[in-house]
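In what follows, a single structure is set out as structure tokens and then discussed.
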Amino acid sequence: MQKILSLVIKASQDFIRHSEEDIKDNAPVLNSFYEAISNVYIPLLEMIEKLEADNVKYRFALVLPPVLCNMLSDSVLQDEYLKWLDKRNDLGKAELRRNKENPEICAIITKTIETNKKRKADFVEKYNKNLIPVFAEYMTKGYIELLGTCGTDIFMPHYADLKEIISAQIECGLHAYRQYFGIMPEGFWLPEMGYTPGIEKLIRAYGYTYTILDSRSILFAENVPEAGIFYPSRTENSLVIFARNRVIDSELFGENGIIYSECYRNTNRDIGYELPMEKLSPLMDKDGIRYSTGFKYWNRCFKDSGHLYSEECARNQAQKDAEAFVEKRLNTLNKAAELLPKYNFVTEICTLDISKFRFTWSESIWWLEEVIRKAADAGLSLLSCDRMCDEQYNLEKVEPYFSAGIGQGYGENLLSSKNCWMMRYVRKSCERMIDLAGRFPMDTGLKTRLLNLGAKELMLAQNSNLARKINRSEFPQFAEKRFKESIAAFTSVFDSLGSNTVSTEWLTKLEAKDSIFPWMNYRIFTKKR
């Protein structure tokens with residue numbers, strides 16, 4: 001029996017306007033975006049390149065949302081990323097002078113500066129400033145499967161009664177993938193893994209073969225499939241369902257998770273949070289918000305006054321943790337195989353969130369590479385879910401239960417006391433957008449531009465990341481401002497169409513700032529017949 005470990009790596013990104021003023025105002029959020037490029041996306045491509053050179057057999061799934069693709073492809077942000085690397089190195093030079101009496105810390109600073117220089121050289125020379133075509137190339141070679149998703153990270157259960165909204169999001173995401181990668185994806189990633197009964201009909205209507213749900217969707221279903229979460233099942237309309245094992249998330253990021261090994265870098269002890277603001281001037285404004293600089297000198301050991309970070313120790317620990325992780329997966333799949341002897345394979349779905357990699361685990365890509373290498377050595381097959389859909393119409397039928405991949409399993413943190421005020425505004429805007437699409441079905445010219453802008457602003461306001469940021473107090477000012485700007489812009493569109501007047505200057509300026517989804521056609525919100 002084939003034992004399959006299926007890795008699904010999911011990225012997310014908030015849209016940030018690209019004007020010079022917005023880039024300055026949103027420096028902390030852009031810092032997170034640039035860190036993701038340096039610490040996750042480029043290392044991920046380097047990992048694939050090394051595995052290809054060593055002829056390692058594997059295939060994993062990757063979710064690159066349209067907003068992220070737009071920002072990675074934007075020439076303004078590409079150039080700003082290079083400036084950001086230079087500013088970090090200017091800060092590094094100042095740190096070398098400040099710590100000149102401590103050669104061990106200077107060695108860490110020098111290593112960080114060298115890494116930044118290499119990132120800059122590779123970004124320009126190897127990747128031509130655009131990572132999207134490189135991911136597309138590895139997709140063509142078969143190393144990764146790119147999953148489709150919505151236009152923005154909408155939490156679908158909040159809009160289950162507004163089918164036109166969900167359909168528009170799916171259609172927008174599908175068009176984006178055709179634009180960026182020239183493909184029709186087989187798999188669909190539910191944002192936040194948010195599922196409610198009935199969504200599968202809309203997903204299947206757009207030609208998707210499968211989706212991935214949280215394990216409780218399957219285990220709490222009235223008709224739990226015989227193989228549980230270790231074999232795919234299907235819905236009434238033959239959308240193939242895979243279930244991720246949520247236990248893996250606890251193993252990695254839980255209270256006693258792998259990431260808290262003493263050898264790993266302490267991502268919270270960054271000089272951006274510890275030094276006086278005047279010493280951070282090459283990178284931050286003295287009156288601005290603090291954020292990470294990449295200069296982190298300590299590991300997670302809290303004995304005595306702390307221990308300096310050792311890359312060699314961290315790499316060795318990543319190898320040990322990868323070996324233990326693979327052994328657990330093998331033991332789990334062996335037990336599943338014993339209990340399910342009539343099946344031709346058993347699988348375990350492991351979903352990995354890039355935002356957690358970026359914020360909490362500097363060694364994540366080293367660990368991931370070791371997992372891929374050791375899984376192949378242990379006899380596990382590393383396949384993406386599209387390779388397991390051959391029996392699509394013969395799978396056991398199931399009616400999945402409500403679930404999500406965040407909160408306590410139901411996305412309750414997206415509708416908490418801190419952010420629940422957002423829902424009444426976005427829901428009202430959704431109803432208005434559906435109405436506008438029906439009232440102006442064949443309009444052209446200025447009205448079409450207005451309606452397309454309104455459609456984009458609505459989708460940006462539906463982004464669940466904004467509600468999540470407010471709930472956990474992570475750049476809440478940015479999230480609230482971003483949401484209110486989109487709602488205000490949509491309301492202006494609605495009022496302009498109602499009064500039949502519009503400021504072309506305002507419209508042109510906002511179209512330039514919110515340059516996402518240039519192909520937008522507001523008619524995707526029209527009621528389906």
Side-chain angles (χ1 to χ4, degrees), residues 6-16 29-30 32-49 58-75 77-78 81 123 127-154 169-193 203 206 208 210-212 244 349-358 364-365 368 384-386 405 459-460 463-465 515-519:
S6 187
L7 302 173
V8 183
I9 302 173
K10 190 267 176 182
S12 63
Q13 181 60 49
D14 299 314
F15 180 73
I16 301 170
V29 186
L30 277 169
S32 296
F33 171 61
Y34 297 143
E35 281 190 330
I37 296 176
S38 281
N39 300 340
V40 182
Y41 302 131
I42 291 180
L44 192 62
L45 290 171
E46 291 175 341
M47 180 197 80
I48 296 172
E49 185 179 358
Y58 72 97
R59 179 176 169 86
F60 65 83
L62 184 63
V63 184
L64 297 175
V67 173
L68 175 63
C69 292
N70 174 270
M71 293 182 64
L72 287 175
S73 303
D74 189 275
S75 59
L77 293 182
Q78 291 165 0
Y81 171 63
F123 190 69
Y127 305 125
N128 197 26
K129 298 185 183 180
N130 193 349
L131 304 184
I132 295 300
V134 191
F135 282 114
E137 179 185 352
Y138 285 124
M139 175 199 69
T140 303
K141 290 181 177 180
Y143 295 111
I144 60 176
E145 178 200 6
L146 289 171
L147 299 188
T149 188
C150 292
T152 59
D153 283 343
I154 183 176
Q169 281 276 4
I170 296 173
E171 192 168 333
C172 179
L174 185 59
H175 195 84
Y177 274 75
R178 287 173 175 164
Q179 291 287 320
Y180 289 115
F181 304 108
I183 61 164
M184 165 63 197
E186 281 197 54
F188 181 82
W189 177 263
L190 287 161
E192 311 291 8
M193 300 187 78
I203 297 172
Y206 283 92
Y208 285 102
Y210 76 87
T211 192
I212 301 168
R244 68 115 177 209
I349 311 297
C350 172
T351 59
L352 302 169
D353 191 336
I354 282 179
S355 66
K356 291 181 179 179
F357 282 2
R358 183 175 76 241
S364 55
I365 303 300
L368 180 62
S384 55
C385 294
D386 62 331
M459 285 194 168
L460 291 172
N463 183 6
S464 62
N465 283 334
S515 57
I516 194 170
F517 308 143
W519 57 81

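As a basis for the values below, the full set of heavy atoms in this structure was taken, side chains included, without hydrogen atoms, waters or symmetry mates. In this chain, residues are counted from 1 in sequence order.
- Between the side chain of Arg358 and the main chain of Ser32, a donor-acceptor pair closer than 3.5 Å is present.
- Under the 3.5 Å distance criterion, the side-chain polar atoms of Asp353 are matched with a main-chain donor or acceptor of Ser355.
- Contact annotation: the side chain of Ile9 approaches that of Leu368 to within less than 4.5 Å [non-hydrogen atoms, C-beta and beyond].
- To the nearest 0.5 Å, the span separating CD1 on Ile170 from OH on Tyr206 amounts to 6.5 Å.
- Taking the six-membered ring where the residue is Trp, Phe517 and Trp519 present tilted rings, their angle falling between 30° and 60°.
- Remark: side-chain polar atoms of Thr149 are paired, donor with acceptor, to backbone N or O of Trp189 under 3.5 angstrom.
- Residues passing the side-chain contact (heavy atoms from CB on, under 4.5 Å) test with Met184 are Leu174, Arg178, Tyr208, sequence neighbours excluded.
- For His175 and Glu171, the side-chain atoms include no donor-acceptor pair closer than 3.5 Å.
- Using a 4.5 Å cut-off on side-chain heavy atoms (C-beta onward), Val67 and Asp153 make no contact.
- Residues satisfying the salt bridge (Lys or Arg N to Asp or Glu O under 4.0 Å) test with Arg59, not counting sequence neighbours, are Asp386.
- Expressed to the nearest 0.5 Å, how far CD1 of Ile132 lies from CZ of Phe181 amounts to 4.5 Å.
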Working for side-chain contact (heavy atoms from CB on, under 4.5 Å), residues Leu7 and Tyr58: CA-CA 10 Å; Leu7 302 173; Tyr58 72 97; over 6 Å; no

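- Taking CG of Leu44 as the start and CG of Leu131 as the end, the distance is 10.0 Å to the nearest 0.5 Å.
- Annotation: side chain of Ile42 is in contact with side chain of Phe123 (closest heavy-atom distance under 4.5 Å).
- A distance of 8.0 Å separates CG in Leu146 from SG in Cys69, rounded to the nearest 0.5 Å.
- Among residues two or more places apart in sequence or in another chain, the side-chain hydrogen bond (donor to acceptor under 3.5 Å, both in side chains) test is passed with Lys129 by Asp79.
- In this structure, CG on Asn70 lies 13.0 Å from CG on Leu64, to the nearest 0.5 angstrom.
- Ser12 has its side chain within reach of Lys10: a pair of non-hydrogen atoms, C-beta onward, lies under 4.5 Å apart.
- Annotation: side chain of Met193 is in contact with side chain of Ile212 (closest heavy-atom distance under 4.5 Å).
- For Tyr210, the side-chain hydrogen bond (donor to acceptor under 3.5 Å, both in side chains) partners at least two apart in sequence or on another chain are Glu145.
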Stepwise side-chain contact (heavy atoms from CB on, under 4.5 Å) check, Glu192 with Asn465: CA-CA 9 Å; Glu192 311 291 8; Asn465 283 334; 3.7 Å; yes

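- A 4.5 Å side-chain heavy-atom check between Phe60 and Ser384 finds every atom pair outside the cut-off.
- Here the side chain of Ser464 pairs no donor or acceptor atom with the backbone of Ile154 at under 3.5 angstrom.
- Looking only at distances, a side-chain donor or acceptor of Gln169 sits under 3.5 Å from a matching main-chain atom of Gly151.
- Residues Val8 and Leu147 meet the side-chain proximity criterion, which asks for heavy atoms closer than 4.5 Å.
- Remark: Asp14 pairs with Lys469 by the salt bridge (Lys or Arg N to Asp or Glu O under 4.0 Å) rule, at least two apart or across chains.
- Within the model, atoms CD1 of Ile144 and CG of Leu45 stand 8.0 Å from one another, a figure rounded to the nearest 0.5 Å.
- Take Ser38 and apply the side-chain hydrogen bond (donor to acceptor under 3.5 Å, both in side chains) test, not counting sequence neighbours, and it matches Tyr81.
- Residues passing the salt bridge (Lys or Arg N to Asp or Glu O under 4.0 Å) test with Lys356 are Asp249, sequence neighbours excluded.
- Between the side chain of Gln13 and the backbone N or O of Phe33 there is no donor-acceptor pair closer than 3.5 Å.
- Taking the side-chain contact (heavy atoms from CB on, under 4.5 Å) definition, one finds that Ser364 meets it with Phe357, Trp361, sequence neighbours left out.
- Thr140 is linked by a side-chain contact (heavy atoms from CB on, under 4.5 Å) to nothing, counting only residues two or more places apart in sequence or in another chain.
- The minimum heavy-atom distance between Pro185 and Gly148, with the atom names listed, is CB-N, 3.5 Å.
- By the side-chain hydrogen bond (donor to acceptor under 3.5 Å, both in side chains) test, Glu186 pairs with no residue at all, sequence neighbours left out.
- For Glu46, the salt bridge (Lys or Arg N to Asp or Glu O under 4.0 Å) partners two or more places apart in sequence, or in a different chain, are Lys118, Arg119.
- Judged by distance alone, with hydrogens and angles left aside, the side-chain atoms of Thr152 form a donor-acceptor pair with the main-chain N or O of Met459 at under 3.5 Å.
- Residues meeting the ring pair (Phe, Tyr, Trp, His ring centres under 6.0 Å) test with Tyr127, sequence neighbours left out: none.
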